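Reading through the structure tokens given below for one structure.
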Amino acid sequence: MNSNGIQRGMGGARGVDIADIERLGLTAIGGMLTGYLLTRKAWGARALAMVGGSMLYRGICGHWPMHEFLHADQEPESARGIDGGIEMHAVVTIRSPLSDVYNRWCDMAAFPQFMKYLESVEVLSDGKSRWTAKAPLGTTLSWTAEITHAEPNQLIAWQSVHDAMVANAGEVRFEEAAGGRGTTVHVRMAYRAPFGSVGVLLAKLLGENPSHHLNEDMKRLKQLMETGEVPTVEGQPHGRQAIPPGEERPDLERRYGWHERDKVEEASWESFPASDPPAHW
Amino acid sequence: MKALCWYGAGDVRVENVPDPTILNPRDVIVEVTATAICGSDLHIYNGYIPTMRKGDILGHEFAGVVVEVGSKDMKLKRGDNVVVPFAIACGNCFFCERNMWSLCDNSNPNAAMAEAVYGYSSAGLFGYSHLFGGYAGGQAQYVRVPYGDVGPLKIPAGITDKQALFLSDIFPTGYMAAENCNIQPGDTVAVWGCGPVGQFAIRSAFLQGAERVIAIDHYTERLHMAEQGGAETINYEDADLLDLIKECTGGIGPDACIDAVGMEAHGASVPALYDYAKQKVRFESDRPNVLRQAIQACRKGGTVSIPGVYTGFIDKVPFGAAFSKGLTLKTGQTHVHRYMERLLQNIVDGAIDPSFVITHNLKLDDAASGYATFNEQKGECIKVVMTP
Ligand SMILES: NC(=O)c1ccc[n+]([C@@H]2O[C@H](COP(=O)([O-])OP(=O)(O)OC[C@H]3O[C@@H](n4cnc5c(N)ncnc54)[C@H](O)[C@@H]3O)[C@@H](O)[C@H]2O)c1
Ligand SMILES: [Zn+2]
Ligand SMILES: [Zn+2]
């Protein structure tokens, strides 16, 4: 189950890049891991559940979408223990026509409307754009990306330019949903952070479950397109000013990471049986 | 403004909190003129709803006057008198479009949390934990209502707030519980629980053509109110309930059974005590005593309709009985928007006056004692309505 073993199995093949037998094995183990961990309140085990998830995903799909990006030139970094990078994927079905959804994706400058941790996207010339993301402690991370491939109403793929501080690549696929239910959007992204402080910031920004944030972003896009707004409860009244300081649970930051929106103090969380809450929360 | 806030099991207080403001273009602010305590609020009060946060404002049954309207064009204007559905729904998504409003895809800002627990997220709800969006509730002087262009229903002149108030929840809930039974002429419907939801289920079953309704509870006053609604009643403490139901349905069983009790069912049978023990130590989140009985009692090929709220995991549900008898199970939060106009018409026509269920009229300032009374003196206290 260690990642070196998995990488060796990928040995240079193209297309379906892992052997069938290994794929079956990965799917089974990944499924078991994910299934098991999703039924437990094992906060510390979330990372493991993710490993399980990506094994399952890879087992089913046979082919790792960001494989080339992540592993083509990894040697020096993996030797230092960074090991590939951070992958995420999300899927959402939006009740809007295909061309509307595709056009929305072409309007990159508007991405911060639904990508929560993005501060700005500045569209440059010749298919390039400058991305700035919010990072903890008021810092930002930025990089330049270029569109590598675009097929109207089908696909947009991008990659960071050669010497970007945060190397990343991604692709969005659009298809008409079955039954006339709108447009299905599949997003896959991968980041590879350099060693050192930028890498630490990036890891913090993405948290323990990077796909979670991508999923949230996709949900916001759907909400915006379907209802014209993103639902929120930030800024509404509550009676917490009446709580004496110190009664707030001290372990919140640790349990939920630094993200504001995750900071639900589940004062009555214990009303779920000990083994029930899924690993994500 | 004043608002009833939750601080822990058995601990609710009226506090001074900031007034709500418009946060989104489709929001409206309603000045509350009447608000009620629901049996669902008691699940929170008793500490059985997870993801509550200290200081959360409760309340999902309210009527009032629109005092502010968001930037989006909408029919509502300041001064309109409205009653607001407890489920928050966008009106645009696949589910809203199909009339399944309480399953709205877009209204829960904490959808990810609900997805982790339930697979997919249902609609946001007023004052009903962060799992359902963390929206501030309406047991307050003012409340922010999202999607003001689709939710609130105007109360026509001649209908009082207290008559219209229960269109927000319990009347549609009882009505949908009955509708889920697919009642045919001549049918007998058994209703567990003679709380407000049970009372409206009884009356709705008759409105939908049931021939007999058998109502089950153990508080004389509640059973009496059920009789006034036309039901035959059983005090489950007096008899072997399942035998008695079989007996009084000529050995056939009820065509449909409604569980209007939910996760905090009382009982002294062996499985019920087992549930108490497990729920106490949190090995089981819900006590499904009534659900078990309803499945067991239902006639072959019948329907078990479950408006009573469940949140988590239940043990020893006789699924073999459900399977062997080919039962249909129907459940879920009420699609309030689906029923409001239709049921308002029933009120206007004089077919029903929902205020029959009110036993206590209080000021919002006394909300904490209202909770305690409704929770502990269920005999005399059937429905509490408060005015700010
Ligand atoms: N589905 C929805 O959208 C929706 C909406 C509103 C309320 N509810 C739920 O409906 C249920 C009832 O609400 P309510 O306001 O009427 O509450 P309530 O607490 O006033 O009434 C519950 C009644 O059930 C009775 N009861 C308890 N154990 C029983 C048993 N073993 N057999 C028979 N009766 C028993 C109690 O004596 C009480 O009269 C609650 O679970 C509430 O959360 C659901
Ligand atoms: Zn309710
Ligand atoms: Zn909706």
Side-chain angles (χ1 to χ4, degrees), chain A residues 38-39 46 92-96 177 179-182 209 211-213 215-216 219-220 222-244 247-249 252 256 261-281, chain B residues 1 3 5-9 13 15-21 23-26 44 47-57 72 88 90-94 97 105-113 115-117 124 129-130 133-136 140 144 146-147 278 282-285 311-313:
Chain A
L38 283 179
T39 62
R46 275 180 286 184
V92 70
T93 296
I94 302 175
R95 207 160 165 272
S96 305
R181 293 188 191 183
N209 181 356
S211 287
H212 169 80
H213 298 292
N215 258 308
E216 292 283 271
K219 220 170 249 136
R220 275 187 285 269
K222 171 183 161 72
Q223 289 159 342
L224 209 53
M225 292 200 71
E226 291 185 350
T227 75
E229 60 186 44
V230 174
T232 184
V233 293
E234 270 169 51
Q236 67 170 12
H238 54 72
R240 281 184 267 292
Q241 49 281 52
I243 304 173
E247 250 187 64
E248 289 273 351
R249 293 246 289 266
L252 271 181
Y256 300 110
R261 72 159 300 294
D262 295 353
K263 249 202 248 169
V264 172
E265 181 191 9
E266 287 146 306
S268 63
W269 183 262
E270 280 68 27
S271 48
F272 263 126
S275 59
D276 294 332
H280 282 30
W281 288 84
Chain B
M1 67 163 181
C5 305
W6 180 93
Y7 293 97
R13 291 171 239 158
E15 293 286 348
N16 271 313
V17 305
D19 289 353
T21 51
L23 299 176
N24 263 334
R26 294 171 66 184
I44 297 181
Y48 292 121
I49 302 292
T51 74
M52 284 298 294
R53 192 174 169 190
K54 284 176 191 167
D56 286 345
I57 301 171
K72 177 156 191 280
I88 300 171
C90 75
N92 309 111
C93 71
F94 171 83
E97 198 70 15
D105 236 357
N106 290 320
S107 61
N108 185 352
N110 294 332
M113 198 193 302
E115 278 169 15
V117 180
S129 86
H130 291 263
Y135 286 98
R144 166 188 162 240
Y147 313 116
K278 290 197 85 171
R282 309 300 188 195
F283 278 171
E284 190 176 34
S285 54
T311 59
F313 299 80

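Order of the sequence lines sets the chain letters (A, B, ...), proteins ahead of strands, with each chain counted from 1. All values below come from the heavy atoms of this structure, side chains included, with hydrogens, waters and symmetry mates left out. This structure is a prediction, so every number in the text was calculated from the model and none was measured.
Interface remark: of the candidates B/Ala3, B/Gly55, B/Gly91, B/Gly55 forms the most heavy-atom pairs closer than 4.5 Å to chain A. For the set B/Pro25, B/Cys5, B/Cys90, B/Gly124, the entry with the most heavy-atom pairs within less than 4.5 Å of chain A is B/Pro25.
Between A/Glu229 and B/Lys72 there is no salt bridge, since no side-chain nitrogen of the basic residue lies less than 4.0 Å from a carboxylate oxygen of the acidic one.
B/Ala136 touches chain A through backbone and side chain together, each having a heavy atom under 4.5 Å away. Heavy-atom distances place the side chain of B/Arg144, and not its backbone, under 4.5 Å from chain A. Contacts between B/Pro146 and chain A at a heavy-atom distance below 4.5 Å are absent for every atom of the residue. At a 4.5 Å heavy-atom cutoff, the contact between B/Ser107 and chain A is made by backbone atoms alone.
Once rounded to the nearest 0.5 Å, the distance linking OG1 of A/Thr93 with CZ of B/Phe94 reads 10.5 Å. Distance NZ/B/Lys54 to CZ/A/Arg240: 11.0 Å, rounded to 0.5 Å. Distance check: A/Ser96 OG to A/Met225 CE gives 4.0 Å after rounding to the nearest 0.5 Å.
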- Message: Evaluate B/Asp56 against B/His130 for side chain to side chain contact (heavy atoms under 4.5 Å, CB included), listing each step before the verdict.
- Response: CA-CA 9 Å; B/Asp56 286 345; B/His130 291 263; 2.9 Å; yes
